[in-house]
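One structure is given below, encoded as structure tokens.
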Amino acid sequence: MTTTRTVTRATIAAALTTALSAGIVSTAMAAPAGPDKTGTSRTAAAEQPEDGWTGQGGLSLSPADNDRVDAYVENARRAERSISPQVRTAAWISGAEVIGFDNRLKSPDSLKRKVATSLKEHPGQSAESALATLGDAVRYTLQWRDDQYSDGVAAAAQMLSSWGNDNTKWSNTWGRTQGYKGLNTGWRAPRSGQLFEVQFHTPASKGAQEATHKLYEEQRLPDTSPERKRELQEQQNALFAAVPVPAGADGLTAPLSPWEPAPMR
């Protein structure tokens, strides 16, 4: 069953005006991007040795590809400054808690691991094409209580769309019988063209995601055996099976574009 909720432009405009007057947007714009999980600073890319990059599992990047990823990281950091105010405003208006805001920028090391993995799995692929598929270099997590979840998600997503962000991904896995439960969405910012991710969670689904993170990271390494991957997946399935599904969550669909006419009733 599809869940449909409508947030009018007038409502969004009024809410944004309230957020501006309350200082929500200006606060978000002033918030600096903190160091990533590896402690890498904003100037780290310029200090990288000219030896490329080497990671776990035999992953590596040539010096030229390493430089390409560093340039992408800097572009993502610049784009984040205009994306974060909108995400935080949508969260505030819809009653969401922003989880892990200091980690909204994926670490350079993590991005390099992703690109190197893609190049290893797809011989002949260029670093540029691998980077073009990255949707979570800038990422956010919004969280609501179970009883607020479905209405909150619908409102936040409609606001992001109404501000010109194109929805590029809508992965609703609340209806799954096994595996990850949640709603992962992708967006393209109108000014910079930067792809960014917004995950919509409840406390229980976010807790399960955090509990399974190390299992997932091990599972996706190129040198993890098929037998071990199956074992890791079974462990993740057990943790997500205990997550309650909020009413209407499995029927949430992507918002209509502001320029797309509403369906006839």
Side-chain angles (χ1 to χ4, degrees), residues 28-29 31-87 100-141 160 163-171 184-199 209 213-214 216-224 229:
M29 293 182 71
D36 60 53
K37 293 181 180 178
T38 63
T40 304
S41 70
R42 287 180 182 269
T43 60
E47 299 168 357
Q48 287 284 344
E50 297 181 358
D51 298 332
W53 175 88
T54 303
Q56 290 181 310
L59 297 174
S60 65
L61 292 174
S62 69
D65 285 345
N66 186 57
D67 289 344
R68 291 183 180 97
V69 178
D70 284 336
Y72 179 90
V73 168
E74 288 305 312
N75 288 335
R77 282 174 171 156
R78 285 193 292 270
E80 175 272 330
R81 297 168 193 165
S82 62
I83 297 170
S84 286
Q86 292 189 353
V87 173
F101 184 70
D102 288 344
N103 298 319
R104 62 195 178 277
L105 291 170
K106 205 173 186 72
S107 73
D109 194 61
S110 181
L111 289 172
K112 290 174 184 183
R113 184 170 63 249
K114 269 195 161 185
V115 171
T117 298
S118 184
L119 295 180
K120 184 174 182 178
E121 293 176 347
H122 304 92
Q125 183 185 42
S126 67
E128 290 91 341
S129 61
L131 286 167
T133 66
L134 294 179
D136 62 347
V138 182
R139 72 276 177 88
Y140 307 89
T141 298
L160 290 175
W163 293 331
N165 299 288
D166 291 330
N167 180 239
T168 60
K169 172 186 174 183
W170 190 269
S171 178
N184 290 4
T185 67
W187 306 82
R188 187 185 301 276
R191 286 193 290 175
S192 63
Q194 176 67 45
L195 295 174
F196 64 98
E197 179 185 78
V198 184
Q199 295 187 7
Q209 182 196 47
H213 180 70
K214 288 186 177 180
Y216 172 73
E217 288 295 314
E218 181 184 350
Q219 184 184 34
R220 65 198 292 269
L221 288 174
D223 57 351
T224 301
K229 286 184 178 182

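Reckoned from all heavy atoms, side chains included, excluding hydrogens, waters and symmetry mates. The structure presented is a predicted model; accordingly, all values stated were derived computationally and were not measured.
For the pair E80 and R77, the salt-bridge criterion is not met [side-chain N within less than 4.0 Å of a carboxylate O]. Residues K112 and D70 are paired through a salt bridge, judged by an N-O separation under 4.0 Å between the basic side chain and the carboxylate.
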From CA spacing to verdict: side chain to side chain contact (heavy atoms under 4.5 Å, CB included), L59, R113: CA-CA 7 Å; L59 297 174; R113 184 170 63 249; 3.6 Å; yes

What's the verdict on side chain to side chain contact (heavy atoms under 4.5 Å, CB included) for R139 and R104, showing C-alpha distance, side-chain angles and the deciding distance? CA-CA 5 Å; R139 72 276 177 88; R104 62 195 178 277; 5.7 Å; no

Passes side chain to side chain contact (heavy atoms under 4.5 Å, CB included), V115 versus L134? Steps please. CA-CA 9 Å; V115 171; L134 294 179; 4.1 Å; yes

For Q219 and E217: C-alpha separation, side-chain torsions, deciding distance, then whether side chain to side chain donor-acceptor pair (under 3.5 Å) applies. CA-CA 5 Å; Q219 184 184 34; E217 288 295 314; over 6 Å; no

Tell me, with the steps shown, if Q209 and Q199 meet side chain to side chain contact (heavy atoms under 4.5 Å, CB included). CA-CA 11 Å; Q209 182 196 47; Q199 295 187 7; 2.6 Å; yes

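Between R78 and S192, every side-chain heavy-atom pair lies at or beyond the 4.5 Å cut-off. A heavy-atom distance below 4.5 Å is not found between the side chains of W53 and P63. In this structure, Q56 and D223 have side chains that are not in contact, with every pair of non-hydrogen atoms separated by 4.5 Å or more. The side-chain heavy atoms of V138 and Q194, taken from C-beta on, include a pair separated by under 4.5 Å. In this structure, the side chains of W187 and I83 stay at 4.5 Å or more apart for every pair of heavy atoms. Using a 4.5 Å heavy-atom cutoff, the side chains of N165 and Q86 are in contact.
Of all heavy-atom pairs spanning A76 and A137, the tightest one is CB-CB, 4.3 Å. Closest of all the heavy-atom pairs between D65 and A127 is OD1-CB, 3.4 Å. Smallest separation of non-hydrogen atoms from E197 and N184: OE2-ND2, 4.4 Å. When all heavy atoms are compared, the tightest approach of L119 to Q125 is CD2-O, 3.2 Å.
Atom-to-atom distance recorded for T168:OG1 and R188:CZ is 6.5 Å, nearest 0.5 angstrom. With values rounded to the nearest 0.5 angstrom, L195 atom CG is found 9.0 Å from T133 atom OG1. Annotation: the span from S126 atom OG to R68 atom CZ amounts to 8.0 Å, rounded to 0.5 Å. Here S84 contributes atom OG and L105 contributes atom CG; the two are 7.5 Å apart, rounded to the nearest 0.5 Å. Distance OG1/T185 to CG/L160: 7.5 Å, rounded to 0.5 Å.
Remark: the backbone N or O of K169 is paired with a side-chain donor or acceptor of N167 at under 3.5 angstrom. In this structure, the side chain of S110 does not engage the main chain of S107 through any donor-acceptor pair within 3.5 Å. T224 contributes a side-chain N or O that, together with a main-chain N or O of E218, makes up a donor-acceptor pair within less than 3.5 Å.
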